[in-house]
Amino acid sequence: MSETKANDILKSKDLKKTPVRQQVLGVLIESTSALSQQEIELKFNNQFDRITLYRTLKSFEEKGLIHRIYNSFGEAK
C-alpha cells in the first residue's frame, strides 16, 4: 500500500498522519483476514509498545476505519 493512500484514508477520518498509524493501517489493509492486536505486534517485531498500538487501534475503531469481532475462542480481532 502506498504511503499516499494511507495518508488519504487517515485524512478522510480526521486522524493525524503518524508513522505508527500509517504502518498499522498498511498491515490491516494488506491482510486477508482479521488480526488481533498480538498478531499486529508480531508483524512489527515489537517495534511499537502495546499502549501505542492499543491507542492506534482504538482511534481507528472510534473513527470507523475498523471494527472489532470475536472468534470462537472469544479473542478480539
Side-chain angles (χ1 to χ4, degrees):
M1 183 185 78
S2 73
E3 188 175 314
T4 304
K5 184 175 180 181
N7 288 340
D8 290 344
I9 292 169
L10 292 171
K11 184 178 179 181
S12 74
K13 297 294 184 176
D14 293 321
L15 289 166
K16 257 186 177 179
K17 299 169 201 141
T18 66
V20 174
R21 287 179 178 165
Q22 291 169 324
Q23 291 179 40
V24 171
L25 184 56
V27 165
L28 292 171
I29 289 173
E30 292 173 3
S31 177
T32 58
S33 62
L35 299 171
S36 68
Q37 180 174 338
Q38 183 179 10
E39 291 168 326
I40 295 168
E41 284 177 37
L42 292 174
K43 291 199 178 277
F44 292 111
N45 296 320
N46 297 319
Q47 179 182 351
F48 308 120
D49 65 78
R50 283 189 175 147
I51 299 300
T52 300
L53 184 55
Y54 171 81
R55 288 179 181 159
T56 298
L57 294 173
K58 184 147 179 77
S59 67
F60 285 180
E61 187 176 17
E62 289 171 351
K63 293 289 189 168
L65 278 174
I66 62 173
H67 63 274
R68 185 183 317 233
I69 61 169
Y70 294 91
N71 65 16
S72 59
F73 302 106
E75 179 185 30
K77 294 195 171 225

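In this chain, residues are counted from 1 in sequence order.
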Legend entry - From CA spacing to verdict: side chain to side chain contact (heavy atoms under 4.5 Å, CB included), R55, V20: CA-CA 10 Å; R55 288 179 181 159; V20 174; over 6 Å; no
Inset, instruction - Quick one: closest heavy-atom pair of I69 and A34, and the distance? - result: CD1-CB, 3.7 Å
Legend entry - Sequence neighbours excluded, every pair satisfying ring-ring contact (aromatic ring centres under 6.0 Å, His included) that has a member inside residues 16-35: none
Inset, instruction - Indicate yes or no for a side-chain donor-acceptor contact from S12 to the backbone of I9 under 3.5 Å, with no hydrogens or angles considered. - result: yes
Legend entry - Q47 atom CD, over 12 foreign heavy atoms within 6.0 Å: yes
Inset, instruction - Taking Q37 for its side chain and R50 for its backbone only, find out whether a donor-acceptor pair lies under 3.5 Å. - result: yes
Legend entry - L25 CG to I66 CD1 distance, which is reported to the nearest 0.5 Å: 9.5 Å
Inset, instruction - Output yes when a side-chain donor or acceptor of R21 lies under 3.5 Å from a complementary backbone atom of K16, and no otherwise. - result: yes
Inset, instruction - Using the rule that two of Ile, Leu, Val, Met, Phe, Trp, Tyr join whenever any of their side-chain heavy atoms come within less than 4.5 Å, decide whether I40 and I29 are in one cluster. - result: yes
Legend entry - Approximate separation, where rounding is to 0.5 Å, of Y70 OH and K77 NZ: 13.0 Å
Inset, instruction - State whether the number of non-hydrogen atoms from other residues, nucleotides or ligands found under 6.0 Å of F44 atom CZ is greater than 12. - result: yes
Legend entry - Shared hydrophobic cluster for L10 and V27 (ILVMFWY, side-chain gaps under 4.5 Å): yes
Legend entry - Between CD on residue Q22 and CG on residue N7, distance to nearest 0.5 Å: 4.5 Å
Legend entry - Donor-acceptor contact below 3.5 Å, side chain T52 vs main chain F48: no
Inset, instruction - Quick one: closest heavy-atom pair of S36 and A76, and the distance? - result: CB-O, 3.5 Å
Inset, instruction - Apply the side chain to side chain contact (heavy atoms under 4.5 Å, CB included) test between L15 and each candidate in K17, K11, K13; give the one that qualifies. - result: K13
Legend entry - Heavy-atom donor-acceptor pair, D49 side chain to I51 backbone, under 3.5 Å: yes
Legend entry - Closest heavy-atom pair and its distance - L28, F60: CD1-CD1, 4.0 Å
Legend entry - Any side-chain heavy-atom pair of V24 and K43 under 4.5 Å: no
